[in-house]
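In what follows, a single structure is set out as structure tokens and then discussed.
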Amino acid sequence: DQQVKQNSPSLSVQEGRISILNCDYTNSMFDYFLWYKKYPAEGPTFLISISSIKDKNEDGRFTVFLNKSAKHLSLHIVPSQPGDSAVYFCAASALSSNTGKLIFGQGTTLQVKP
Amino acid sequence: DAGVTQSPTHLIKTRGQQVTLRCSPKSGHDTVSWYQQALGQGPQFIFQYYEEEERQRGNFPDRFSGHQFPNYSSELNVNALLLGDSALYLCASSYGNGDTEAFFGQGTRLTVV
């Protein structure tokens, strides 16, 4: 039972353009969502998060949008840079249920071409 | 300020053996979670330790056990290793209740042959 899904295994964009990574979830108890970036041979690095009381959170080039009715979130990277090439994981948590564990999607490999 | 450190970085074990992986959390963090990441998949939650007790557990068999020490460091033990246990094992640390902005170590790559 995959509660968090990233349906696009890979995405390729040109440097300077927008990258949009998508994530869907099924569990309505999730109330906190995070995006992590992972380079080979490194652990995941936290990028940005959003609480379910918001529909948008922005941090520099990274913006996360949350659509609770659709159980969908997306990460926008503008402008994309070659250094952004990595695997991106969406994760969800049910903080209000006092469960801190993260449920991850399968990941999307982003390639930003110079 | 050291982040989350894991040891060893790589490990090769034989089927049926036992293995212990170690994790030191980021300074100031008191909660440690362990995740298993199989090739091509996202990390899967194994369990979480807080105040030296297992607070939550994912869908992993009892062959997977852990421990947290008074200094908040943690160990993951896996008994009777199977070929399917080959994966990247990630440790994440955070403060207090929940994994908001959990910080991950670089992982231990376990290969079972």
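So that the names make sense, note that chain A is the first sequence line, chain B the second, and so on, each numbered from 1.
Counting heavy atoms from C-beta on, the side chains of B/Phe103 and A/Thr45 never come closer than 4.5 Å. In this structure, the side chains of A/Lys38 and B/Leu88 come closer than 4.5 Å at one or more pairs of heavy atoms.
Applying the 6.0 Å contact sphere to CZ of B/Arg63 captures more than 12 heavy atoms from other residues, nucleotides or ligands. A 6.0 Å sphere centred on CZ of B/Arg15 holds no more than 12 heavy atoms belonging to other residues, nucleotides or ligands. Around the CG atom of B/Leu39, the shell of radius 6.0 Å holds no more than 12 heavy atoms that belong to other residues, nucleotides or ligands. No more than 12 heavy atoms of other residues, nucleotides or ligands lie within 6.0 Å of NZ in A/Lys5, so this atom counts as exposed by the packing criterion. Within 6.0 Å of CG on B/Asn71 lie more than 12 heavy atoms contributed by other residues, nucleotides or ligands.
Residues B/Gln37 and A/Phe89 approach most closely at NE2-CZ, 3.2 Å, considering heavy atoms. Scanning all heavy atoms of the two residues, the minimum distance from A/Gly43 to B/Leu90 falls at CA-CD2, 4.2 Å. When all heavy atoms of B/Ala102 and A/Phe46 are compared, the pair lying nearest together is O-CB, 4.5 Å. When every heavy atom of A/Pro44 is checked against every heavy atom of B/Gly105, the shortest pair comes out as CD-O, 4.5 Å.
Checked against the 6.0 Å centroid threshold, B/Phe104 and A/Tyr36 count as a close aromatic pair.
When heavy atoms are compared at a cutoff of 4.5 Å, A/Phe104 approaches chain B by way of both its backbone and its side chain.
Applying the ring-ring contact (aromatic ring centres under 6.0 Å, His included) rule to pairs touching residues 66-94 of chain B yields B/His67-B/Phe69, sequence neighbours excluded.
Under the side chain to side chain contact (heavy atoms under 4.5 Å, CB included) test applied with A/Lys101, the options B/Gln56, B/Gln44, B/Arg55 reduce to a single match, B/Gln56.
Cluster annotation: A/Phe65 and A/Ile50 are assigned to distinct hydrophobic clusters (Ile/Leu/Val/Met/Phe/Trp/Tyr, side-chain heavy-atom contacts under 4.5 Å, transitive).
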